[in-house]
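Following: one structure in structure tokens, then a few remarks.
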Amino acid sequence: MVLCAVRQHLLRGSRGAWARFLQRQSRGCVYSSVHGFQQEEIREKLQAFPGGSIELLTQESGLAVLTINYPSRMNAFSGSMMVDLEERVSQLEGWTDGKGLIVQGASGTFCSGSDLNAVRALSNPQDGMKMCMFMQNTLTRLLRLPMISVALVEGRALGGGAELTTACDFRLMAPGSVIQFVHKHMGLVPGWGGAARLVRIVGSQNALKLLGGAVKVDPELALQIGLAEEVLQGEGAGTPLQRAENWLSVYTKGPAPVIQAVKKVVLSGRELPLSEALKTEKDVFGTVWGGPANMQALASKSKHR
Ligand SMILES: CC[C@H](C(=O)O)C(=O)SCCNC(=O)CCNC(=O)[C@H](O)C(C)(C)COP(=O)(O)OP(=O)(O)OC[C@H]1O[C@@H](n2cnc3c(N)ncnc32)[C@H](O)[C@@H]1OP(=O)(O)O
């Protein structure tokens, strides 16, 4: 909560249009102390379940790679990894040169959801609610980052791992990979915001089928219903990560302020009522109008044949 407040203060001071957008959107976080959510309390609780890590690599090109790293548990999320993820998202929020983000799992598989050992220990309703609010806040902030994000799915994305893929703007799947919302088999529904986001990605009919049937979504089905953008085919065309970087580079080519502005206007269009989205679009437009990239394009008399 304290961190959230500090971040909000910084955002208010430094990035007008984006800060105003986040303020309208509960300041980037869904839950605060008003909802009985005490961030420090749940962080402490989660840290009691250590294991694995979340690695963040930022490149000068403006591309970052976030890796879910706990291969001995198929990259399940331990408690400390949930805290790590929140910290990495904070880092990315402060990365002014960022344009693109790839979220991947280590060792050829994406993520098998919550670490079931932590889940068993936190299975009382109060702890479950706290973990749910913590992860909803983090994944909402991940989706709202002012950069274009892609989940690179290799192997399996199960339960909370499937939910994580929906917190990215796009999903790319390797041949043989699977996204499966296994929640029904666990006597649950998604709690990390995965159902709400899934409905917006594939529509309510498809979402109902995927959740109600705990369907194993292979790349072919994912393409058909619009869950995935592309299947990363082609042996010899580099590693899946290199292929994902190539795919993303089409959309991140250009100066960071322009790419960030693109993400911001699309995000506000996705999340806000029309009149609010229009106001945000005006504010964001004001940040690029007459800016260096705009002036350079005007001076070069560029044509778009
Ligand atoms: C439901 C919602 C909830 C949330 O939203 O918070 C969740 O996400 S709960 C977690 C949902 N995920 C699961 O239930 C996955 C259960 N695991 C599996 O189905 C399999 O392990 C699978 C398909 C991921 C991999 O199968 P495979 O045969 O290839 O390997 P192993 O089963 O031998 O797995 C290797 C090793 O990893 C451990 N593992 C896998 N997933 C988890 C997990 N989610 N939590 C803790 N540990 C996990 C597995 O137990 C094996 O460990 P070992 O010590 O070798 O037995």
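Indexing begins at 1, ligand by ligand and atom by atom, following the structure's order.
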Original post:
So which heavy atom in the protein is nearest atom 2 (C) of ligand 1, and how far is it from that ligand atom?
Top reply: His183 CD2, 3.3 Å

Original post:
To the nearest 0.1 Å, how far is atom 6 (O) of ligand 1 from its closest protein heavy atom, and which atom is that?
Top reply: Ser114 OG, 2.3 Å

Original post:
Stepwise, does the side chain to side chain donor-acceptor pair (under 3.5 Å) test hold for Thr67 with Gln104?
Top reply: CA-CA 5 Å; Thr67 304; Gln104 65 166 5; 3.0 Å; yes

Original post:
Would you call Val119 a ligand 1 contact, heavy-atom distance under 4.0 Å?
Top reply: no

Original post:
Taking everything shown except Gln91 itself, do over 12 heavy atoms lie less than 6.0 Å from its CD?
Top reply: yes

**OP:** Output yes when a side-chain donor or acceptor of Lys263 lies under 3.5 Å from a complementary backbone atom of Ser149, and no otherwise.
**Re:** no

**OP:** Select the closest option to atom 11 (C) of ligand 1 among Ser112, Gly128, Ala214, Ala162, judged by heavy-atom distance.
**Re:** Ser112

**OP:** Starting from atom 36 (C) of ligand 1, locate the nearest protein heavy atom and write down its residue, its atom name and how far away it is, to 0.1 Å.
**Re:** Ser72 O, 3.3 Å

**OP:** Under 4.0 Å from a heavy atom of Gly159: give me the atoms of ligand 1 that qualify, with their elements.
**Re:** 8 (O)

Original post:
Please walk me through it: do Glu245 and Leu241 pass side chain to side chain contact (heavy atoms under 4.5 Å, CB included)?
Top reply: CA-CA 6 Å; Glu245 287 181 359; Leu241 179 58; 3.9 Å; yes

Original post:
Considering all protein heavy atoms, does one lie under 4.0 Å from atom 20 (C) of ligand 1?
Top reply: no

Original post:
Would a 4.0 Å cut-off, counted as strictly less than, catch a protein heavy atom around atom 41 (N) of ligand 1?
Top reply: yes

Original post:
Taking atom CZ of Arg200 as the centre, does the number of heavy atoms from other residues, nucleotides or ligands within less than 6.0 Å exceed 12?
Top reply: no

**OP:** Specify the closest pair of heavy atoms between Ser114 and Val119, including all atoms of both residues, with the distance to one decimal.
**Re:** CB-CG2, 3.2 Å

**OP:** Between Leu164, Asn75, Leu116, Thr109, flag the one that comes closest to atom 16 (C) of ligand 1 by a heavy atom.
**Re:** Leu116

Subject >> Shortest reach to atom 24 (C) of ligand 1 by a heavy atom, considering only Val178, Val182, Leu158 >> reply: Leu158

**OP:** Return yes when at least one protein heavy atom is under 4.0 Å from atom 14 (O) of ligand 1, and no when none is.
**Re:** yes

Original post:
At a 4.0 Å threshold, what atoms of ligand 1 neighbour a non-hydrogen atom of Leu188?
Top reply: 1 (C), 2 (C)

Original post:
Distance below 4.0 Å between atom 32 (O) of ligand 1 and any protein heavy atom?
Top reply: no

Subject >> Backbone or side-chain N or O of Gly191 under 3.5 Å from ligand 1 N or O >> reply: no

**OP:** Can you see which heavy atom on Met81 is nearest to which on Ser53, and at what distance?
**Re:** CG-N, 3.6 Å

Subject >> For Gly113, atoms of ligand 1 separated by under 4.0 Å from a heavy atom >> reply: 8 (O)

Original post:
What orientation do Trp289 and Phe285 show, parallel under 30°, tilted 30 to 60°, or perpendicular over 60°?
Top reply: tilted

Subject >> atom 5 (O) of ligand 1 - nearest protein heavy atom and its distance >> reply: Glu163 OE2, 3.2 Å

**OP:** Can you measure from CG (Leu143) to CZ (Arg197) and round to the nearest 0.5 angstrom?
**Re:** 6.5 Å

**OP:** Indicate, as side chain, backbone, both or neither, the part of Trp192 found under 4.0 angstrom from ligand 1 when only non-hydrogen atoms are considered.
**Re:** side chain

Original post:
Counting heavy atoms only, which of Arg73, Arg120, Arg156 is nearest atom 38 (C) of ligand 1?
Top reply: Arg73

Original post:
Protein heavy atoms: any of them under 4.0 Å from atom 45 (N) of ligand 1?
Top reply: yes

Original post:
Which residue supplies the protein heavy atom nearest to atom 43 (C) of ligand 1, what is that atom called, and how far is it?
Top reply: Ala76 CB, 3.5 Å

Original post:
Leu248 and Ile102: which non-hydrogen atoms are nearest, and at how many Å?
Top reply: CD2-CG1, 3.8 Å

Original post:
Any side-chain heavy-atom pair from Leu85 and Leu139 closer than 4.5 angstrom?
Top reply: yes

**OP:** Ignoring hydrogens, tell whether any protein atom lies closer than 4.0 Å to atom 8 (O) of ligand 1; use the non-hydrogen atoms only.
**Re:** yes

Original post:
How about atom 55 (O) of ligand 1: does it have a protein heavy atom within less than 4.0 Å?
Top reply: no

Subject >> Non-hydrogen side-chain atoms of Arg43 and Glu87 separated by less than 4.5 Å >> reply: yes

Pairs of donor and acceptor atoms involving the side chains of residues 213-234, under 3.5 Å and at least two apart or interchain, shall be tabulated with distances.
unit_1: Asp218; atom_1: OD1; unit_2: Glu220; atom_2: N; d: 3.3
unit_1: Asp218; atom_1: OD1; unit_2: Leu221; atom_2: N; d: 2.9
unit_1: Glu230; atom_1: OE1; unit_2: Trp247; atom_2: NE1; d: 3.2

Original post:
Can you find a protein heavy atom under 4.0 Å from atom 49 (C) of ligand 1?
Top reply: no

**OP:** Kindly indicate whether the side chain of Arg120, heavy atoms from C-beta on, has any atom under 4.5 Å from the side chain of Ser123.
**Re:** no

Original post:
Which residue and non-hydrogen atom of the protein lie closest to atom 34 (O) of ligand 1, and at what distance in Å?
Top reply: Met74 CG, 3.8 Å

